[in-house]
Protein chains: 2
Amino acid sequence: MASVESFIAECRIKGIKLTGQRRVIAQVMVEGQGHPNAEQIHADAAHQHDRISLATVYRTLRVLRDAGMVIEHAFPDGRCHYELAGRPHHDHLIDKESGAIVEFCDPEIERLQQAIALRLGYRLTGHRLELYGVRAR
Amino acid sequence: MASVESFIAECRIKGIKLTGQRRVIAQVMVEGQGHPNAEQIHADAAHQHDRISLATVYRTLRVLRDAGMVIEHAFPDGRCHYELAGRPHHDHLIDKESGAIVEFCDPEIERLQQAIALRLGYRLTGHRLELYGVRAR
DNA sequence: GATCATTTGCGAACGGTTCGCATCTTGGAT
DNA sequence: ATCCAAGATGCGAACCGTTCGCAAATGATC
């Protein structure tokens, strides 16, 4: 998902009605980085659109999530954080001191998770792996 | 933590004041099984004590958690679930259909998590690993 | 048993998220 | 370009799990 344009195009293809607010939220998600929560997205969006409510941010994120265009993570700060879907799969390491979020992917862990689920008699449909740590000195 | 008695004894050692309500909650945690949430603990406790509020359950669980005697998990149903601490470390596989929670432990995954954190320049202080799946037919 | 810090129940508050509703906007059809 | 139905928006209230404030009750220590 390189550009706002292609994101908007995908919305159209998926039958998601486009409004001024939604375009702004799309831009914030595509051009922003990291794993913002709804409040941060709202703040960024408000910067470009003077008439956008937090409720609309939540509603739009839900629409995008249900369309598979955005991924929602319930992080342990008690809020949901959002990121663009379609990027390579990864998990998260969360810096307990700064709150910084580092992405990583380990094929070996992914493989093991499959194996464990299978061993327990389950078909894996998803997983959540978060590491918490502090910078090593 | 085999018995309610030893749990109570540990409370005394740790300076946790014992009340009727706390004894009942201790019993529910020690003799119950699984990963109940506060509401379920409250329901079980109310069965043995006719004067126990949900607020007390939360307060007691917090005391026990802070004392390291109970572990709190924020599962994706939006509630916190509790289990006795001191048992061997494990992670959880959650049945997306029934809500059943299966415990597992994989030393290899534990080792990999350490290695990943280190590789990213962090000292691991904790982790959360949940697998979601459905029964394989 | 008296004392005093702690704990309790109650109901209100909290924080993130969702909802209800009246109003406004969008996008397809004309 | 204009109209219209379907759908989106802002606002504030509601929601839900959890926490808090307070006056009353209880437990550990003497």
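Reminder, nothing fancy here: chain letters follow the sequence lines and each chain counts from 1. Quick caveat: nothing in here was measured; it's all calculated off a predicted structure.
In this structure, the side chains of A:C11 and A:R22 stay at 4.5 Å or more apart for every pair of heavy atoms.
Reading DNA chain C from its 5' end, the first and the last nucleotide to sit under 4.0 Å from a heavy atom of chain A are C:dG16 to C:dG27.
Rounded to the nearest 0.5 Å, atoms CD (B:E31) and CD (B:Q48) are 7.5 Å apart.
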Is there a side chain to side chain donor-acceptor pair (under 3.5 Å) between B:D95 and A:Y122? Walk through the geometry before answering. CA-CA 8 Å; B:D95 187 324; A:Y122 281 85; 3.2 Å; yes
Run the side chain to side chain donor-acceptor pair (under 3.5 Å) check on B:E130 and B:H73 step by step: do they pass? CA-CA 10 Å; B:E130 287 156 23; B:H73 299 285; 5.7 Å; no
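Looking at which nucleotide of DNA chain D each of B:E72 and A:R22 is closest to, the 5′-most match is held by A:R22. Position along DNA chain D of the nearest nucleotide to A:K17 versus B:A55 favours A:K17 as the more 5'-ward residue.
With hydrogens and angles left out, the side-chain atoms of B:H92 and B:E83 include a donor and acceptor closer than 3.5 Å. No side-chain N or O of B:Q40 forms a donor-acceptor pair with one of B:H81 less than 3.5 Å apart.
Relative ring orientation between A:H35 and A:F75 is described as tilted, the plane-to-plane angle lying within the 30° to 60° band.
Within 4.0 Å (heavy atoms only), B:R59 reaches at least one base atom of the nucleic acid. If you check every strand for non-hydrogen atoms under 4.0 Å, B:Q21 touches sugar and phosphate atoms only. Among the protein residues, B:T19 comes within range of the sugar-phosphate backbone only, with heavy atoms under 4.0 Å from sugar or phosphate atoms but none that close to a base.
Rounded to 10°, the helix from C:dG1-D:dC30 to C:dT30-D:dA1 has 30° between the axis fitted to its first five pairs and the one fitted to its last five.
The side-chain hydrogen bond (donor to acceptor under 3.5 Å, both in side chains) search around A:D50 returns none, not counting sequence neighbours.
The CZ-P distance, from B:R79 to D:dC16, rounds to 10 Å in whole Å.
For the pair A:R51 and D:dT9, the criterion of a side-chain N or O lying under 4.0 Å from OP1 or OP2 is not met.
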